Amino acid sequence: SDWLRPGFWADHLHPDDRDAAVAARRAALRTRQDHEIDYRMVGATGAVAWLRDIASISVEPSGELRLRGLIVDVTAQKRTERALRRATDELERAQQLAQIRSFAHDVTTGIVEGAPTGPSSFDEFMRHVHPADASHLRAYLESTFASDASEFCAEFRYLPQDGTIRHLAAVGHVVRD
């Protein structure tokens, strides 16, 4: 098989991935570390496929290094990851243009995720709410989360670190597990 021919693997690596993939494999062999490498290969027809090389390295009684593993076609996964990155980038651009933010707040842990420059917890978020609005907003949100309500809408003043006062409208959908 062509795969067993010395140099076949490196010769068929995508030019943009060749140096890094060869260097990663050499480092793994040198340090005798198992490895997992993603790279593209160019087939005989010119088609490009993303592959994941999962290998373990063993030392034979003769001292020779033996590379054993498998290669998995991850082309579909890479396409999906790329489409997700593009959609995420488009969403971020749209939110910037519309001057909105999206986030997820886990009420059981208090963790806030998704707001790239915003607070990382509900308590941190509440520290930035204008003092005149804070107790009312906290009570409203806590009662909303404790009830069967599926949506909420609140207007309040927010004090970001730059010292300005922002008038915000928070509109959300409550998701329960």
Side-chain angles (χ1 to χ4, degrees), residues 13-21 23-24 27-28 33-42 47-55 70-177:
L13 288 169
H14 189 280
D16 294 343
D17 298 341
R18 184 175 295 124
D19 291 343
Q33 295 290 314
D34 296 348
H35 63 276
E36 186 171 314
I37 308 167
D38 287 2
Y39 52 82
R40 290 167 289 179
M41 286 199 81
V42 180
V48 176
W50 274 99
L51 302 177
R52 177 162 297 140
D53 190 328
I54 305 166
L70 59 113
I71 297 174
V72 180
D73 184 344
V74 293
T75 305
Q77 176 185 340
K78 293 293 185 175
R79 284 186 186 134
T80 301
E81 289 170 357
R82 185 174 182 202
L84 179 59
R85 275 192 307 276
R86 283 183 177 167
T88 301
D89 290 346
E90 288 175 17
L91 175 61
E92 287 177 9
R93 281 192 299 276
Q95 287 180 336
Q96 286 174 347
L97 289 171
Q99 296 183 357
I100 61 173
R101 298 267 164 94
S102 62
F103 64 92
H105 168 220
D106 185 329
V107 296
T108 58
T109 64
I111 295 173
V112 176
E113 296 177 341
T117 58
S120 60
S121 72
F122 181 70
D123 288 336
E124 182 183 347
F125 165 78
M126 289 303 299
R127 282 193 290 275
H128 291 279
V129 173
H130 191 283
D133 300 338
S135 62
H136 173 73
L137 179 63
R138 181 181 289 275
Y140 170 71
L141 292 175
E142 287 176 352
S143 69
T144 299
F145 299 148
S147 72
D148 290 337
S150 62
E151 295 180 350
F152 64 89
C153 180
E155 293 186 15
F156 55 93
R157 290 166 288 179
Y158 190 77
L159 308 171
Q161 292 181 349
D162 65 8
T164 61
I165 296 176
R166 298 211 178 138
H167 294 265
L168 301 181
V171 178
H173 181 77
V174 180
V175 178
R176 293 179 172 80
D177 290 335

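All values derive from a computational prediction rather than experimental measurement.
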Taking only distance into account, with no hydrogens and no angle test, what donor-acceptor pairs under 3.5 Å do side-chain atoms of residues 81-91 form with protein atoms, sequence neighbours excluded?
from: Glu81; atom 1: OE2; to: Gln77; atom 2: NE2; distance (Å): 2.8
from: Thr88; atom 1: OG1; to: Leu84; atom 2: O; distance (Å): 2.8

TODO: List for me each residue that meets side chain to side chain donor-acceptor pair (under 3.5 Å) alongside Thr109, sequence neighbours excluded, and say none if there are none.
DONE: none
Open item on the list: Measuring from atom CG of Leu70 to atom CD1 of Ile54, what distance do you get when rounded to the nearest 0.5 angstrom?
Closed with: 5.0 Å
Open item on the list: Can you see whether Asp123 engages Ser121 through a side-chain donor-acceptor pair at a distance of less than 3.5 angstrom?
Closed with: no
TODO: Output yes when a side-chain donor or acceptor of Tyr158 lies under 3.5 Å from a complementary backbone atom of Thr164, and no otherwise.
DONE: no
- [ ] Identify, with sequence neighbours excluded, every residue that meets side chain to side chain donor-acceptor pair (under 3.5 Å) alongside Arg166.
- [x] Asp162
TODO: Might you point out which heavy atoms bring His173 and Ser150 nearest each other, and give the distance in Å?
DONE: ND1-O, 3.2 Å
Task: Shortest non-hydrogen contact between Thr144 and Phe152, atoms and distance - done: CG2-CB, 3.7 Å
Open item on the list: Taking Tyr39's backbone N and O only, do any of them form a donor-acceptor pair with Asp17's side chain (distance below 3.5 Å, no angle check)?
Closed with: no
Open item on the list: Please enumerate all residues that pass salt bridge (charged side-chain N to carboxylate O under 4.0 Å, His left out) together with Glu155, with sequence neighbours excluded.
Closed with: none
Open item on the list: Among residues at least two apart in sequence or on other chains, which ones pass side chain to side chain contact (heavy atoms under 4.5 Å, CB included) with Ala55?
Closed with: His35, Asp53, Leu67
TODO: Determine the minimum heavy-atom distance between Val174 and Ala149, stating which atoms define it.
DONE: CB-O, 3.7 Å
Task: Listed partners of Arg79 passing salt bridge (charged side-chain N to carboxylate O under 4.0 Å, His left out), at least two apart - done: none
Side-chain donor/acceptor pairs under 3.5 Å, residues 129-137, sequence neighbours excluded:
from: His130; atom 1: ND1; to: Ala132; atom 2: N; distance (Å): 3.1
from: Asp133; atom 1: OD1; to: Arg157; atom 2: NH2; distance (Å): 2.9
from: Asp133; atom 1: OD2; to: Arg157; atom 2: N; distance (Å): 2.8
from: Asp133; atom 1: OD2; to: Arg157; atom 2: NE; distance (Å): 2.9

- [ ] Can you sort out the partners of Asp16 under side chain to side chain donor-acceptor pair (under 3.5 Å), two or more places apart, ordered by chain and number?
- [x] none
Open item on the list: Using modelled atom types and a 3.5 Å cut-off, is there a donor and acceptor pairing between side-chain atoms of His14 and backbone atoms of Val42?
Closed with: no
TODO: Over all heavy atoms of both residues, which pair between Ala21 and Ile37 is shortest? Give the atoms and the distance, please.
DONE: O-CD1, 4.2 Å
Open item on the list: Counting C-beta onward and ignoring hydrogens, is there a side-chain heavy-atom pair between Leu51 and Val72 closer than 4.5 Å?
Closed with: no
Task: Residues that Asp38 engages under salt bridge (charged side-chain N to carboxylate O under 4.0 Å, His left out), provided they are two or more places apart - done: Arg52, Lys78
- [ ] State which residues pass side chain to side chain contact (heavy atoms under 4.5 Å, CB included) with Ala20; sequence neighbours excluded, sorted by chain then number.
- [x] none
Task: Results of side chain to side chain donor-acceptor pair (under 3.5 Å) for Asp19 - residues two or more places apart only - done: none
- [ ] Specify whether Phe125 and Phe156 have parallel, tilted or perpendicular ring planes, treating 30° as the upper limit for parallel and 60° as the lower limit for perpendicular.
- [x] perpendicular
TODO: Please list all pairs passing the salt bridge (Lys or Arg N to Asp or Glu O under 4.0 Å) test where one or both residues lie in residues 142-152, with sequence neighbours left out.
DONE: Arg138-Glu142
